[in-house]
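No experiment lies behind these values; they were computed from the predicted model shown.
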Amino acid sequence: MVHLAELALAAAEALDPLVHGGKQVADLQARVWAELGNAYRIADALDLADHALSRAVQCFEEGSHDPRLLALIAERTASLLWYRRRFDDAFALLHRVVVFYRDQRENNLAARVLLKLGLVTEDSGNPERALRVNLEALSLLDSRAEPGLLLAGIHNLLLCATELGFFPLVRRLLSEIKPLYGTAENSLNLLRLRWVEGRVSAGLEETDAAEITFLDVRKGFLEAGLLFPASMVSLDLARLWLTQGRIAEIKGLAEELIESFRSLGVGREAILALILLRRACEAERAMVSEIVEAVERAAVQIGRLSQG
């Protein structure tokens, strides 16, 4: 993603303003810088993302001042603020973008931003509010035009419901909405579905079923080369093992995640959290509460990295 965005930037900066028009070139460069910033964010290069988004604003000021382009830059900037844990600033920007799209009667675009707002809200520790935001997004969405957004919204609702402990309800819903996740060809969607199933099993204290599901889903994400979702599943597995007192296995899981993150050169905060988790497991008389805190800290940091 970063590589392609950098290629796009090289192409955009090679354009001659005298041939293509100064404002048009500036607009294009602003768009490319914004998407490059988003790619850097997802790659956990947050300082580079900050620089790219600042350049996007500079190019925007030199361009046509297209409000839709400004909305795009604002949305990408809000995502970076979210990753920086600046929730209030992210909320403020996303709310403005939602208002803009609603004023333009672009309901599907407003719904997309609301779904992101729901993720930020859940990550900030308010799954009940996130549930309401996702419902608002779905009420605006034309599902025929955006079936992918419909599935994202429903999936977010399921995640919120599991965070709120509505495990029997989620189980009943899963059987009804499973067709939305597609067939075997949509393997990643099915993995996400099974992940929710595993969380439900864990919540209902069906530990054997939950463990089997988490291990299968984690393997599937790793085979697909998706480290961050696999890491989140690993932390669900750690929570499950914690209830069974399987501290040695949690330590092994933490060591594996540390090495994976180091090999990629990303996630300093996540690595630190995992090191604390490993040390808590290594302590001769580690208190269970300390290990729980370390697991939760790792979940927050890796969760931040896994969401786009």
Side-chain angles (χ1 to χ4, degrees), residues 5 23-24 26-42 46 49-161 163-164 303-304 307-308:
K23 292 185 182 300
Q24 288 79 3
D27 282 355
L28 181 60
Q29 290 175 350
R31 182 177 298 275
V32 172
W33 274 114
E35 298 299 356
L36 178 58
N38 193 52
Y40 282 142
R41 171 187 65 86
I42 294 171
L46 303 190
D50 196 16
H51 170 73
L53 289 165
S54 295
R55 290 287 294 123
V57 173
Q58 293 173 7
C59 291
F60 172 81
E61 292 174 347
E62 297 168 4
S64 66
H65 293 181
D66 179 359
R68 296 175 69 85
L69 176 56
L70 182 59
L72 171 68
I73 296 171
E75 182 184 346
R76 299 295 188 242
T77 301
S79 295
L80 178 60
L81 292 169
W82 167 28
Y83 267 44
R84 295 265 193 204
R85 320 306 288 170
R86 292 170 55 184
F87 292 116
D88 289 344
D89 293 332
F91 289 145
L93 268 183
L94 290 173
H95 278 300
R96 289 187 180 186
V97 176
V98 170
V99 170
F100 169 76
Y101 284 137
R102 280 184 158 175
D103 288 345
Q104 298 295 310
R105 297 184 179 179
E106 294 280 5
N107 285 344
N108 280 347
L109 292 175
R112 186 195 67 198
V113 179
L114 279 168
L115 289 175
K116 179 170 291 186
L117 182 60
L119 288 173
V120 178
T121 304
E122 182 183 355
D123 194 26
S124 69
N126 194 343
E128 186 174 351
R129 172 61 183 159
L131 193 68
R132 293 196 294 269
V133 172
N134 281 301
L135 287 171
E136 183 181 358
L138 289 173
S139 71
L140 291 175
L141 185 63
D142 180 356
S143 59
R144 293 168 298 180
E146 296 281 3
L149 283 181
L150 173 64
L151 178 58
I154 291 175
H155 188 75
N156 289 351
L157 287 177
L158 294 177
L159 292 177
C160 290
E163 288 295 324
L164 291 167
R304 175 183 64 78
Q307 298 171 17

Practice task
Go through the steps to decide whether E128 and R132 satisfy the test salt bridge (Lys or Arg N to Asp or Glu O under 4.0 Å), and finish with yes or no.
Solution key: CA-CA 7 Å; E128 186 174 351; R132 293 196 294 269; 3.7 Å; yes
Ignoring hydrogens, what is the shortest heavy-atom contact between [X] and [Y]? Give both atom names and the distance.
| X | Y | value |
| --- | --- | --- |
| A130 | C160 | CB-SG, 3.7 Å |
| A78 | A90 | O-CB, 3.5 Å |
| A110 | L140 | CB-CD1, 4.1 Å |
| A74 | L93 | O-CD1, 3.7 Å |
| A111 | A137 | CB-O, 3.4 Å |
| A39 | A5 | CB-CB, 4.4 Å |

Mind checking the [atom1]-[atom2] spacing from [X] to [Y]? Nearest 0.5 Å is all I need.
| X | Y | atom1 | atom2 | answer |
| --- | --- | --- | --- | --- |
| L158 | L131 | CG | CG | 10.0 Å |
| L114 | L109 | CG | CG | 11.0 Å |
| E35 | L53 | CD | CG | 9.5 Å |
| I73 | L69 | CD1 | CG | 4.0 Å |
| N134 | L115 | CG | CG | 5.5 Å |
| N107 | R112 | CG | CZ | 13.0 Å |

Handout entry: Close side-chain approach of V57 and E61, heavy atoms under 4.5 Å
Key = yes
Exam field: side chain [X] to backbone [Y], donor-acceptor pair closer than 3.5 Å:
| X | Y | value |
| --- | --- | --- |
| R31 | L72 | no |
| N156 | L119 | no |
| D50 | L46 | no |
| D27 | S64 | yes |

Handout entry: Residue list, side chain to side chain donor-acceptor pair (under 3.5 Å) with R129, at least two apart or on another chain
Key =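 R129 satisfies side chain to side chain donor-acceptor pair (under 3.5 Å) with no other residue.
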Exercise for the section: Please name all residues satisfying salt bridge (charged side-chain N to carboxylate O under 4.0 Å, His left out) with E62, sequence neighbours left out, ordered by chain then number. Expected result: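 If we apply the salt bridge (charged side-chain N to carboxylate O under 4.0 Å, His left out) test to E62, skipping adjacent residues, there are no hits.
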Exercise for the section: Check salt bridge (charged side-chain N to carboxylate O under 4.0 Å, His left out) between E122 and all other residues, then give those that pass, not counting sequence neighbours. Expected result: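 E122: no salt bridge (charged side-chain N to carboxylate O under 4.0 Å, His left out) contacts found.
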Handout entry: Which residues share a ring-ring contact (aromatic ring centres under 6.0 Å, His included) with H95, sequence neighbours left out
Key =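 Applying ring-ring contact (aromatic ring centres under 6.0 Å, His included) to H95 gives none.
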Handout entry: With F100 via ring-ring contact (aromatic ring centres under 6.0 Å, His included) - residues at least two apart
Key =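 So F100 forms no ring-ring contact (aromatic ring centres under 6.0 Å, His included) with any residue.
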Problem - Geometric class of the H65/F60 ring pair [parallel <30°, tilted 30-60°, perpendicular >60°] - result: parallel
Handout entry: Neighbour count above 12 (heavy atom, 6.0 Å) for R55 CZ
Key =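 Yes.
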Problem - Passing candidate, salt bridge (Lys or Arg N to Asp or Glu O under 4.0 Å) with E75, options K116, R41, R68 - result: K116
Practice task
Given side-chain contact (heavy atoms from CB on, under 4.5 Å), test F91 with T121 step by step and report yes or no.
Solution key: CA-CA 8 Å; F91 289 145; T121 304; 3.6 Å; yes
Handout entry: Partner residues of L151 under the side-chain contact (heavy atoms from CB on, under 4.5 Å) criterion, sequence neighbours left out
Key =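 L151 satisfies side-chain contact (heavy atoms from CB on, under 4.5 Å) with L180, Y181, N189 once adjacent residues are dropped.
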